[in-house]
Protein chains: 2
Amino acid sequence: MAYTRRLANLATWQLSEAAARAHRILREYLDGENANGYEYRVLAALGDLGQISQVDLGRATGLDRSDITHTVRKLEARRFVSRESDPRDARRSLVELTEAGRRMLVRLDKVIQLVQDEVFMPITDAEITVLLGLLRRLS
Amino acid sequence: MAYTRRLANLATWQLSEAAARAHRILREYLDGENANGYEYRVLAALGDLGQISQVDLGRATGLDRSDITHTVRKLEARRFVSRESDPRDARRSLVELTEAGRRMLVRLDKVIQLVQDEVFMPITDAEITVLLGLLRRLS
DNA sequence: GTGATATCATTGGTGATACCAACATACTAA
DNA sequence: TTAGTATGTTGGTATCACCAATGATATCAC
């Protein structure tokens, strides 16, 4: 990368370059499974938390409610999730994984693991620990 | 942030969270100067490299040619850059900063420095050095 | 109980970032 | 000279992040 000095010297630039590489690799792998980042986030949260409302899904994934709506509807069309109205609060729609959704999540989890391996290949496990400690303090 | 376990445990997630925070801060500060990331990158490259072609601008900034076209035209409309045809190669358009562009870059450079300070406030200079070393190896 | 307030899902946006393909023009190399 | 290449432009697409308005529903204050 022959980036110009002003950019290459910025710490935020280097941070965003590393994240961009990780993101490119993630996108590439997810694309191979016909998924995107929003979809993985939603499936992952449902895998962890079971049947939950869309608001809770938003909190668990960091997605805006409107993006949750869109993503959940796409996943529903592909039969990866099902929805029902919450009997105790008609405003809420409760979302959960279908069997196909669970299988998809298993596949995506594996793929995501490959992404981790590829992204962090250049550094050792001990270095990853150091890195994550610093990143966490930045977040 | 109460992200779900599957996401919070991903190293790539933590990397992208830290980068996202940096990006939010950058956006906020640039917005205050009526600029965006593409515009700063182009101005910064022109500040470093002087009069250069759009292809070279793309290489120096990591931007696609089409995005360079768009960004340079916007900067030209605001009189921050000027363009002329390369007398030695009529395909090329040579771009350079105007006086107003130079002043804008000075302002943006200062703002970008504030962004660095705010983003990396939570860790020490020595830790920044460690972090950048690891990030560079990941890129 | 009722009126004000808040919450939830939805709809319909915006802007930034990162790409891609096709094209006309202009140059280069065989 | 001709085939191929480089450059800038145009006109897209996808992803990600975010915002405002709205109707339906719940909850709170009284």
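Order of the sequence lines sets the chain letters (A, B, ...), proteins ahead of strands, with each chain counted from 1.
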| message | Closer than 3.5 angstrom, by distance alone: can the side chain of Thr98(A) be matched with the main-chain N or O of Arg79(A) as a donor-acceptor pair? | response | yes
| request: Ignoring hydrogens and angles, answer whether the base of dC18(D) and the side-chain atoms of Asp67(A) contain a donor-acceptor pair closer than 3.5 Å. | output: yes
| DNA chain D: 5'-proximal contact among Gly62(A) and Asp86(A) (nearest heavy atom) | Gly62(A)
| query | Among dC19(C), dT7(D), dA16(C), which nucleotide sits nearest the side chain of Arg27(B)? | reply | dA16(C)
| task | Tell me whether the OP1 or OP2 atom of dT10(C) has a side-chain N or O from Gln54(A) closer than 4.0 Å. | result | yes
| said: Let me confirm one number: the CG-CD distance from Leu15(B) to Gln116(A), rounded to the nearest 0.5 Å. | reply: 9.5 Å
| query | Hey, does Arg83(B) reach any base, or is it just sugar-phosphate, or nothing, if we go heavy atoms under 4.0 Å? | reply | sugar-phosphate
| query | Would you say dT7(D) has OP1 or OP2 under 4.0 Å from some side-chain N or O of Arg92(B)? | reply | yes
| task | Figure out the CD/P separation between Glu28(B) and dG15(C), and round it to whole Å. | result | 19 Å
| said: Heavy atoms only, 4.0 Å cut-off, all strands: where does Arg41(A) land among base, sugar-phosphate and nothing? | reply: sugar-phosphate
| query | In whole Å, what is the span from the CG atom of Leu94(A) to the C1' atom of dA9(C)? | reply | 12 Å
| request: Measure from the side-chain heavy atoms of Ser53(B) and tell me the nearest of dT11(C), dG8(D), dC16(D). | output: dG8(D)
| task | Quick one: label Asp64(B) by what it contacts on the DNA or RNA (base, sugar-phosphate, nothing), any heavy atom closer than 4.0 Å. | result | base
| task | Look at all strands and tell whether Thr69(B) reaches a base, only sugar-phosphate, or nothing, counting heavy atoms closer than 4.0 Å. | result | base
| said: I need the CG-P distance between Asn36(A) and dA18(C), as an integer number of Å. | reply: 17 Å
| message | Less than 4.0 angstrom from a charged side-chain N to a carboxylate O is my criterion; do Arg136(A) and Glu17(B) meet it? | response | no
| task | Would you indicate whether the side-chain heavy atoms of Leu97(B) and Leu46(B) approach each other to under 4.5 Å? | result | yes
| task | Please tell me which of the listed nucleotides, dC16(D), dT25(D), dC27(C), lies nearest to the side chain of His23(A)? | result | dC16(D)
| task | Using atom CG of Asp89(A) as one end and atom P of dG23(D) as the other, report the distance to the nearest whole Å. | result | 19 Å
| message | In this structure, how many angstroms lie between the C1' atom of dA14(D) and the CG atom of Leu26(A), rounded? | response | 14 Å
| query | Please give, in whole Å, the distance from dA6(D) C1' to Arg88(B) CZ? | reply | 16 Å
| query | Has Arg137(B) got more than 12 heavy atoms of other residues, nucleotides or ligands less than 6.0 Å from its CZ? | reply | yes
| request: Indicate whether OP1 or OP2 belonging to dA21(D) is found under 4.0 Å from a side-chain N or O atom of Arg65(A). | output: no
| request: Could you check Pro87(A) against Lys74(A) and say which one's nearest nucleotide on DNA chain D is further toward the 5' end? | output: Lys74(A)
| message | Considering every strand and a 4.0 Å limit on heavy-atom distances, what is the contact class for Gly37(A): base, sugar-phosphate, or nothing? | response | sugar-phosphate
| message | Which nucleotide wins on minimum distance to the side chain of Arg91(B), given the candidates dC16(D), dA6(D), dG8(D)? | response | dA6(D)
| message | I'd like to know if Ser66(B) reaches the base of dC19(C) with its side chain such that a donor and an acceptor end up less than 3.5 angstrom apart. | response | yes
| request: Could you tell me the separation between the CG atom of Leu63(B) and the P atom of dT7(D), rounded to a whole number of Å? | output: 16 Å
| said: Looking at Glu99(A) and Arg102(A), is any side-chain nitrogen of the basic one under 4.0 Å from a carboxylate oxygen of the acidic one? | reply: yes
| field | Nearest-Å distance for atom pair CG/P, residues Asp31(B) and dT17(C) | value | 11 Å
| query | Taking only side-chain nitrogens and oxygens of Arg73(B), does any of them come within less than 4.0 Å of OP1 or OP2 of dT9(D)? | reply | yes
